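None of these values were measured; they are calculated from a predicted model. Counting begins at 1 with the first residue of the sequence.
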Amino acid sequence: FFWFILFSLKRVEQIENFDFEKSMMNTLITKYLCDNNIKGAEHLKDNIADMIQDGPHSKANAVLLYSLKGGVGKGALIDLLKKILGENNVLVFENPDAFFDIFNEDTAGSILIVIEEPKDGGSTRVKSGRIKAEIAKTKARINEKFKNIKKVRFYARFWFLTNELNSVFI
């Protein structure tokens with residue numbers, strides 16, 4: 001018991017002295033994901049903090065993580081958010097067309113919906129009106145296969161991860 005208390009106090013001291021500005025996570029966000037755009041990095045960090053601190057109780061807008069070249073860490077950030085928020089709270093669509101499927105029960109309860117690699121001229125560009133409506137809505141009609149449609153509170157945030165600038169029109 002005594003050793004547990006000493007360990008816990010030492011851990012609390014480490015956490016209290018933690019400097020996020022010098023962390024690898026801050027470097028990933030600021031340098032690689034936001035290309036040293038300080039305002040963009042602050043917005044992204046605020047968005048992440050909001051999901052962690054107030055997950056299903058607030059609704060934010062969409063985030064577009066765009067990089068001309070791949071391999072900058074967009075996927076790594078999503079993997080980390082899955083661990084922090086829980087696998088069941090982060091819904092990833094590797095195929096953007098799958099997001100527009102009529103059976104959408106998997107979106108219920110999601111804190112974060114990620115649409116990966118939307119293409120210029122693809123479904124997210126063509127169906128931009130639907131994307132805007134999804135981002136703004138506060139209630140969702142959940143259509144489970146072979147079940148009655150039900151309405152639930154909708155609080156998911158949308159993130160689009162892409163290497164193509166004109167892939168999402170919001």
Side-chain angles (χ1 to χ4, degrees), residues 3-96 98-99 106-120 122 124-125 131-132 134-138 140 153-170:
W3 286 106
F4 176 73
I5 292 172
L6 286 177
F7 173 77
S8 298
L9 292 176
K10 183 172 177 65
R11 188 74 181 139
V12 168
E13 183 180 309
Q14 289 173 341
I15 293 170
E16 287 176 352
N17 294 329
F18 178 74
D19 186 356
F20 181 78
E21 296 302 316
K22 295 178 183 175
S23 71
M24 289 174 57
M25 176 56 88
N26 188 53
T27 300
L28 169 71
I29 291 171
T30 305
K31 183 176 178 182
Y32 296 103
L33 292 176
C34 295
D35 198 27
N36 288 319
N37 177 326
I38 302 302
K39 286 186 178 184
E42 291 302 318
H43 176 73
L44 182 57
K45 290 185 279 188
D46 287 345
N47 194 281
I48 293 168
D50 183 50
M51 283 189 281
I52 294 168
Q53 296 168 4
D54 204 21
H57 299 106
S58 66
K59 180 144 172 66
N61 53 9
V63 170
L64 173 64
L65 292 176
Y66 160 75
S67 173
L68 188 57
K69 58 183 186 233
V72 296
K74 297 183 300 278
L77 179 60
I78 298 305
D79 288 343
L80 177 65
L81 287 173
K82 283 181 185 177
K83 292 187 184 322
I84 293 170
L85 299 172
E87 290 279 338
N88 295 333
N89 294 317
V90 179
L91 181 60
V92 178
F93 289 95
E94 287 91 11
N95 175 3
F99 173 75
D106 49 357
T107 62
S110 296
I111 293 174
L112 176 61
I113 295 175
V114 178
I115 299 178
E116 289 189 343
E117 303 304 338
K119 303 291 182 205
D120 187 1
T124 53
R125 178 90 173 153
I131 291 283
K132 289 178 188 178
E134 292 287 331
I135 291 167
K137 74 181 181 183
T138 57
R153 194 167 148 258
F154 188 79
Y155 44 79
R157 294 134 179 96
F158 284 81
W159 282 22
F160 301 89
L161 313 182
T162 186
N163 298 332
E164 296 189 29
L165 183 59
N166 295 315
S167 59
V168 182
F169 184 69
I170 49 176

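Applying the ring-ring contact (aromatic ring centres under 6.0 Å, His included) test to pairs two or more places apart or on separate chains, none has a residue in residues 70-91.
In plain terms, the two heavy atoms of Y155 and R157 that are nearest each other are O-NH1, 3.3 Å.
With sequence neighbours excluded, the residues that form a side chain to side chain contact (heavy atoms under 4.5 Å, CB included) with S23 are F18, F20, M25, N26.
The distance from the CD atom of E134 to the CD1 atom of I113 is 7.0 Å, given to the nearest 0.5 Å. To the nearest 0.5 angstrom, L112 atom CG is 9.5 Å from F158 atom CZ. To the nearest 0.5 Å, atom CD1 of residue I111 and atom CG of residue L91 are 12.0 Å apart. Within the model, atoms CG of N95 and CD of E116 stand 10.5 Å from one another, a figure rounded to the nearest 0.5 Å. To the nearest 0.5 Å, atoms OG1 (T27) and CG (L33) are separated by 11.0 Å.
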Distance-only check: which donor-acceptor pairs under 3.5 Å involve side-chain atoms of residues 71-90, not counting sequence neighbours?
from	atom 1	to	atom 2	distance (Å)
K74	NZ	N163	OD1	2.8
N89	ND2	L85	O	2.6

Donor-acceptor contacts under 3.5 Å from residues 37-44 side chains, at least two apart:
from	atom 1	to	atom 2	distance (Å)
N37	OD1	K39	N	3.2
N37	OD1	G40	N	2.8
E42	OE2	K45	NZ	3.1

